[in-house]
Each structure stands twice: as C-alpha cells, then as structure tokens.
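Atoms within each ligand, like the ligands themselves, are counted from 1 in listed order. Sequential numbering from 1 along the given sequence is applied to the chain's residues.
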Amino acid sequence: MRSQGRFRRLSGSRQLATVFGLVVLCASSAAIAQMISELTGPVPPMRPIPAPPIPKWVTNDVRVMRAFPDQPPVIPHSIEGYQLTVNTNRCLSCHKREFTVGSGAPMISVTHYMTRDGQMLADVAPRRYFCTACHVPQADVVPLVKNTFRDMSELGFKPTGSE
Ligand code: HEC
Ligand code: HEC
C-alpha cells in the first residue's frame with residue numbers, strides 16, 4: 001500500500017543524498033548567518049560605534065514623476081520641523097484646498113476628501129490626515145537593494161494620442 005511504502009528504509013544512495021543535503025544546508029545557513037549583522041549590536045556590547053552620517057534630503061522643489069499613476073507623490077521639499085499631530089497639521093496649512101492660492105502648493109487630490117466608501121467630506125478624511133504615512137521625502141543614497149523596476153510606458157504599448 002502507498003502509506004506503508006513511505007516508511008520503507010531509505011536505500012543506500014538515498015541515504016547518501018540525504019546526508020549530502022544536510023551538509024549543504026548547514027554550510028549555507030552558516031554562510032547566511034555571517035552575512036547578517038549581530039542583532040545584539042556591537043561586540044563587546046555597549047561599545048561606542050561611530051554613527052553613520054544622516055543622509056541629505058532632496059529639497060530642490062522639483063516635483064518628481066510618479067512611477068505609476070496612483071502612486072502617492074514623493075515630497076520634493078524640506079519637512080524639517082513641520083508639526084503633524086492630532087491638533088496641528090502643518091502640511092494642510094499649504095496643501096488644503098482653501099490655502100493653495102496663497103501657498104502655491106498643489107492641492108491634495110479629491111481622494112483625500114473621500115471616506116473609504118467614496119462619500120465626499122467637506123474636510124480631509126481622517127484616513128488621509130497623517131500625510132507622512134504615504135508621502136515621504138527622498139534622500140540621495142545608494143539603494144539597499146538593486147531595483148529592476150521598469151516604467152509601464154516602456155513595456156511596449158502604443159500611447160493614447162501618439163498619432
Ligand atoms: C509652506 C507650504 C508647504 C508646506 C507646509 C508643505 N508643503 Fe508640500 N508642497 C508645497 C509646494 C509649494 C509644493 C510644490 C513643489 C515645491 O515647490 O516644493 C509642494 C509639493 C508637495 C508634494 C509633491 C506633490 C506632487 O504632485 O508632486 C507633496 C507630496 C507634498 N508637498 C507633501 C507635503 C507634506 C506631507 C507636508 C507636511 C509634512 C507638506 N507637503 C508641507 C508647499 C508646502
Ligand atoms: C493613505 C495614503 C495617503 C495619505 C495619508 C495622504 N495621501 Fe496624498 N496622495 C496619496 C495618493 C495615493 C495620491 C495619488 C493618487 C490620488 O490622488 O489619490 C496622493 C496625492 C497627493 C497629492 C498630489 C495631488 C495631485 O492632484 O497632484 C498631494 C499634494 C498630496 N497627496 C498631499 C497630501 C497631504 C498634504 C496629505 C496629508 C494631509 C496627504 N496627501 C495624505 C496617498 C495619501
């Protein structure tokens with residue numbers, strides 16, 4: 001029967017393959033463990049280590065193209081010291097519909113006034129209140145992982161209105 005077959009003793013070559021597999025597994029996990037830095041911090045513990053420099057934010061005021069149409073646009077200006085709490089929202093003092101004439105800032109889009117059921121509100125929806133949950137500034141740093149993202153307009157379709 002099938003279930004009994006599963007408990008058969010492993011044949012000689014099978015045993016060898018299993019041992020080999022285990023050796024490879026141990027060796028590779030040891031190699032991976034070496035690549036990951038100590039979770040407990042520097043050795044010996046509490047040893048002072050030099051702090052890496054704080055990356056420089058890109059604050060050139062040039063709006064960055066979105067990687068896809070409904071990406072939250074990244075913030076092209078400094079937000080250093082802008083208060084964003086339950087009582088005060090510095091971002092809205094420029095980006096809210098009523099204030100955009102004075103500030104020249106792009107208005108938060110219509111989606112920011114909608115509840116999740118699509119109901120329009122007179123004010124910013126609570127779920128869009130904490131801007132930096134979605135919008136982030138950019139720093140000029142070397143990416144941690146290689147990125148092979150390609151823009152969808154490069155994927156070989158004929159753009160609307162191109163003829
Ligand atoms: C003093 C006014 C002011 C304040 C405060 C402000 N912004 Fe802006 N923001 C602007 C202006 C003006 C632009 C247009 C680009 C530029 O000049 O930097 C802009 C651009 C942006 C953009 C890019 C929009 C796009 O379509 O590319 C985002 C996102 C943004 N701001 C988010 C924020 C967030 C989040 C905060 C709060 C942490 C904030 N802003 C605070 C004035 C402001
Ligand atoms: C839950 C995520 C989320 C939060 C929170 C959020 N946004 Fe956005 N924002 C988006 C997305 C997604 C877009 C692009 C698509 C759209 O307009 O909905 C966007 C678009 C924008 C734009 C560009 C609008 C345009 O028409 O070009 C601005 C400016 C902006 N947000 C500012 C803000 C500010 C200021 C806040 C805080 C009051 C905020 N957002 C909070 C997700 C968010």
Would Thr111 count as a polar contact of ligand 2, with the cut-off being nitrogen or oxygen pairs under 3.5 Å? yes

Where the closest heavy atom to atom 31 (N) of ligand 2 is concerned, which of Arg90, His135, Arg128 has it? His135

Residue-level breakdown please: for Ala133 versus ligand 2, do any non-hydrogen atoms fall below 4.0 Å on the side chain, on the backbone, on both, or on neither? neither

For residues Met114 and Arg128, determine if any side-chain heavy atom of one lies less than 4.5 Å from a side-chain heavy atom of the other. no

Atom 42 (C) of ligand 1: the protein heavy-atom neighbour that sits closest, reported with distance to 0.1 Å: Ala105 CB, 3.5 Å

Measuring from atom 3 (C) of ligand 1, which candidate in Pro137, Gly102, Cys94 has the nearest non-hydrogen atom? Cys94

Side chain or backbone of Val74 under 4.0 Å from ligand 1, or both, or neither, by non-hydrogen atoms? backbone

Under 3.5 Å: donor-acceptor pair, side chain of Ser103, backbone of Cys94: yes

Among side-chain atoms of Thr85 and Asn87, is any donor-acceptor pair under 3.5 angstrom? no

Region of Leu92 that comes within reach of ligand 2 [heavy atoms, distance under 4.0 Å]: side chain

Identity and separation of the nearest protein heavy atom to atom 39 (C) of ligand 1: His77 CE1, 3.3 Å

Ranked by distance from atom 22 (C) of ligand 1, the top protein heavy atom is Pro76 CD, 3.5 Å

Is it true that some N/O/S atom of Cys91, main chain or side chain, lies under 2.8 Å from atom 8 (Fe) of ligand 1? no

Hey, is Asp61 touching ligand 1 through its side chain, its backbone, both or neither, going by heavy atoms under 4.0 Å? both

Exercise: identify the closest heavy-atom pair between Pro55 and Ala139: CB-CB, 3.8 Å

Numbered atoms of ligand 2 (with element) below 4.0 Å of Ile108, judged on heavy atoms: 30 (C), 32 (C), 33 (C), 34 (C), 35 (C)

Near Pro106 (heavy-atom distance under 4.0 Å), the atoms of ligand 2 are 29 (C)

Residue-level breakdown please: for Arg63 versus ligand 2, do any non-hydrogen atoms fall below 4.0 Å on the side chain, on the backbone, on both, or on neither? side chain

Can you list the atoms of ligand 1 that are under 4.0 Å from a heavy atom of Cys131? 35 (C)

Below 4.0 Å, non-hydrogen atoms only: which portion of His112 touches ligand 2? Side chain, backbone, both or neither. side chain

Where is the nearest protein heavy atom to atom 24 (C) of ligand 2: which residue, which atom, and how far? Met107 O, 3.4 Å

Check for a donor-acceptor pair, side chain of Asn60 on one end and backbone N or O of Val62 on the other, with a separation under 3.5 Å. yes

Taking the side chain as C-beta and beyond, is there a heavy-atom pair between Cys91 and Ile108 under 4.5 Å? no

Going by the atom numbers of ligand 2, which of them fall below 4.0 Å from some non-hydrogen atom of Tyr129? 37 (C), 38 (C)

Would you sort out whether Tyr129 and Leu92 count as a side chain to side chain contact (heavy atoms under 4.5 Å, CB included), showing the intermediate values? CA-CA 9 Å; Tyr129 183 84; Leu92 286 176; 4.2 Å; yes

Contact partition for Arg66 relative to ligand 2, non-hydrogen atoms under 4.0 Å: side chain

Protein heavy-atom partner closest to atom 30 (C) of ligand 1 - residue, atom, separation in Å: His95 NE2, 3.5 Å

Checking heavy-atom distances from atom 13 (C) of ligand 2 to each of Cys134, Pro72, Ser109, Ala125, the winner is Pro72

Grouping I, L, V, M, F, W and Y whenever their side-chain heavy atoms are under 4.5 Å apart, do Val101 and Phe99 come out in a common cluster? no

When you look for heavy atoms under 4.0 Å from ligand 2, do you find them on the side chain of Pro73, its backbone, both, or neither? side chain

Quick one: do Met65 and Val74 end up in the same hydrophobic cluster if we chain Ile, Leu, Val, Met, Phe, Trp and Tyr together by side-chain heavy atoms under 4.5 Å apart? no

In this structure, would Val110 and Leu121 fall into the same cluster of hydrophobic residues linked by side-chain contacts under 4.5 Å? no

Find all atoms of ligand 2 within a distance of less than 4.0 Å from any non-hydrogen atom belonging to Asp70, and give their numbers and elements. 12 (C)

